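The block underneath contains the structure these notes are about, expressed in structure tokens.
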Amino acid sequence: MLEYLKEIDWVNIARMAGLSIAVVIGQIIIYKLIIRLFKKHINPFILKKSKDSFKGLKFRNYTLITPAWLVHTGFFFSKLVMYAALLFSLYASITLLFGIYPGTRNFAMTLFYGLANPFLSILDSFVSYIPNLLRIIVLVFIARYLIKFVKFLMKEIETGRLVIKGFYPDWASATFNLFRLLTYTFMAVLIFPLLPQSETDIFRGISVFLGVLLSLGSTTIISNAVAGLVLTYMRSFKLGDRVKIGEVVGDVVEKTPFAVRIQTNKKEVVTVPNSTLLSSNVVNYSTSGNEKAGVIISLPITVGYDVPRQRAIGFLTDAAKKTENVLHDPAPFVLVKNLGNDASEMELCVYTHKPENQAIIFSELNNNIRDLFEANGVEMAVPRIVNVQS
């Protein structure tokens with residue numbers, strides 16, 4: 001009691017009043033300095049850097065982040081930091097004001113520790129977590145540079161500068177993507193136990209929930225992705241190849257991890273899931289077409305018995321030799337497929353290096369055959385129009 005009465009004499013009252021006025025004036029000055037700092041320096045710095053150094057973040061043809069969006073976001077976070085600094089300075093000033101007077105010092109200490117204890121607890125938790133954080137950093141560092149090294153190797157193989165016997169250049173991209181996926185998965189498995197609160201029931205519940213969602217919702221996606229990977233290593237076709245998959249014939253214009261897009265002669269784009277490809281027979285015309293002998297394409301023809309067999313075969317082979325994109329060596333040949341009641345069913349077989357143009361080749365073949373038969377006065381029995389797959 002005597003100590004309290006001693007502290008409330010006129011001298012101490014004047015001193016406490018002076019300190020209070022100083023705290024208030026200091027708070028006003030700090031308020032103005034914070035406002036000036038953000039309005040005159042930080043915000044113009046954000047605006048200048050965003051316009052001069054940032055041209056936007058794009059993914060393919062889509063702009064993910066524009067400079068205007070970045071400026072707006074920068075100003076938003078700048079305002080948050082400014083308000084936090086103002087509140088912190090006000091909180092500190094109020095704590096100092098209560099600490100000046102003997103009757104409110106206990107309340108001031110409560111305010112001080114109320115703010116300091118959470119920060120001290122966070123700091124203590126951070127210091128305790130540093131060993132695990134260092135382990136995570138080391139794992140990320142190793143994974144990152146291991147992926148960069150494998151990417152460099154695959155790029156060298158893909159461009160042909162590095163040759164590994166039995167490893168084809170078109171495997172490089174798929175191998176790198178598979179290695180990157182496995183590396184990131186393995187890294188996540190190692191990092192997971194090192195994360196804060198990873199042993200809590202909530203964290204485990206979230207992990208189980210995500211696992212269930214992944215297993216239930218991605219069965220088709222995973223099967224298509226695995227099928228795409230298998231097709232890559234099977235080397236059934238590549239971009240630009242003319243292929244036949246089921247009833248679809250066309251050029252491969254796009255390969256994705258989940259599907260293949262084929263453009264037909266009618267410019268129709270057909271999307272075929274990789275899982276369907278894996279369970280279907282794939283005929284690749286371009287593979288044989290690039291070889292010296294080329295690829296054989298055939299056209300069914302019906303010729304009446306009144307036409308001598310050798311003469312009919314001569315007409316057919318002559319018509320084939322007049323057709324563009326048909327090879328003379330190896331020479332065209334004719335197979336007798338069936339002897340019907342009124343006519344022979346033959347099959348004209350020709351070699352070509354342009355299987356992708358088979359619709360045009362068949363059309364020209366039909367025209368040349370008809371012209372030759374008509375020019376020599378030979379009538380074709382039961383003529384039919386061949387429906388060429390497109």
Side-chain angles (χ1 to χ4, degrees), residues 57-64 151 154-155 157-159 167-185 210-291 294-299 325 352-363 385-390:
L57 180 61
K58 293 184 177 181
F59 177 73
R60 295 184 178 177
N61 295 326
Y62 180 74
T63 303
L64 297 174
K151 182 179 181 180
M154 294 300 107
K155 196 70 176 177
I157 294 173
E158 190 174 18
T159 55
F167 192 94
Y168 298 95
D170 51 340
W171 288 355
S173 179
T175 302
F176 169 70
N177 290 331
L178 178 62
F179 177 82
R180 181 172 56 182
L181 175 63
L182 294 177
T183 302
Y184 281 141
T185 303
L210 293 177
V212 171
L213 285 181
L214 184 64
S215 61
L216 293 178
S218 61
T219 304
T220 303
I221 295 175
I222 292 176
S223 64
N224 282 322
V226 172
L229 188 64
V230 173
L231 288 170
T232 298
Y233 287 101
M234 288 174 61
R235 305 182 75 237
S236 300
F237 52 81
K238 60 182 182 295
L239 287 178
D241 282 357
R242 169 57 63 101
V243 298
K244 179 180 179 181
I245 302 170
E247 298 299 320
V248 179
V249 178
D251 299 322
V252 179
V253 294
E254 185 180 4
K255 293 172 65 177
T256 71
F258 308 108
V260 171
R261 290 181 175 85
I262 299 173
Q263 187 178 64
T264 67
N265 289 333
K266 297 178 181 178
K267 302 303 180 183
E268 300 168 335
V269 177
V270 181
T271 301
V272 183
N274 286 335
S275 56
T276 301
L277 282 170
L278 196 61
S279 59
S280 303
N281 293 327
V282 179
V283 180
N284 191 330
Y285 295 106
S286 298
T287 301
S288 298
N290 292 330
E291 296 177 357
V295 62
I296 296 176
I297 57 176
S298 60
L299 182 69
N325 292 323
T352 180
H353 286 311
K354 299 287 185 180
E356 65 274 12
N357 296 334
Q358 59 182 293
I360 298 174
I361 294 173
F362 285 145
S363 176
I385 299 174
V386 178
N387 181 23
V388 180
Q389 294 290 347
S390 56

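The shown structure was predicted, so the numbers you read here are calculated from the model rather than taken from an experiment. Positions are given from 1 along the sequence.
To the nearest 0.5 Å, the span separating CG on Asn177 from CE on Met154 amounts to 11.0 Å. To the nearest 0.5 Å, atom OG of residue Ser173 and atom CD1 of residue Ile157 are 12.0 Å apart.
Taking the side chain to side chain contact (heavy atoms under 4.5 Å, CB included) definition, one finds that Phe179 meets it with Leu146, Ile147, Val150, Thr183, sequence neighbours left out. Scored by the side chain to side chain contact (heavy atoms under 4.5 Å, CB included) test, Leu239 finds Val252, Lys255 as partners (sequence neighbours excluded). Listed by chain and number, the residues in a salt bridge (Lys or Arg N to Asp or Glu O under 4.0 Å) with Arg180 amount to none (sequence neighbours excluded). Judged as a side chain to side chain contact (heavy atoms under 4.5 Å, CB included), and not counting sequence neighbours, the contacts of Asp251 are Arg242, Glu356.
Closest heavy-atom contact between Thr271 and Ala259: CG2-CB, 3.7 Å.
Between Val295 and Thr352, the closest side-chain pair of non-hydrogen atoms falls below 4.5 Å.
Under the side-chain contact (heavy atoms from CB on, under 4.5 Å) rule, Ile262 has a single partner from Val243, Asp241, Val269, which is Val243.
At least one donor-acceptor pair under 3.5 Å links the side chain of Thr185 to the backbone N or O of Leu181.
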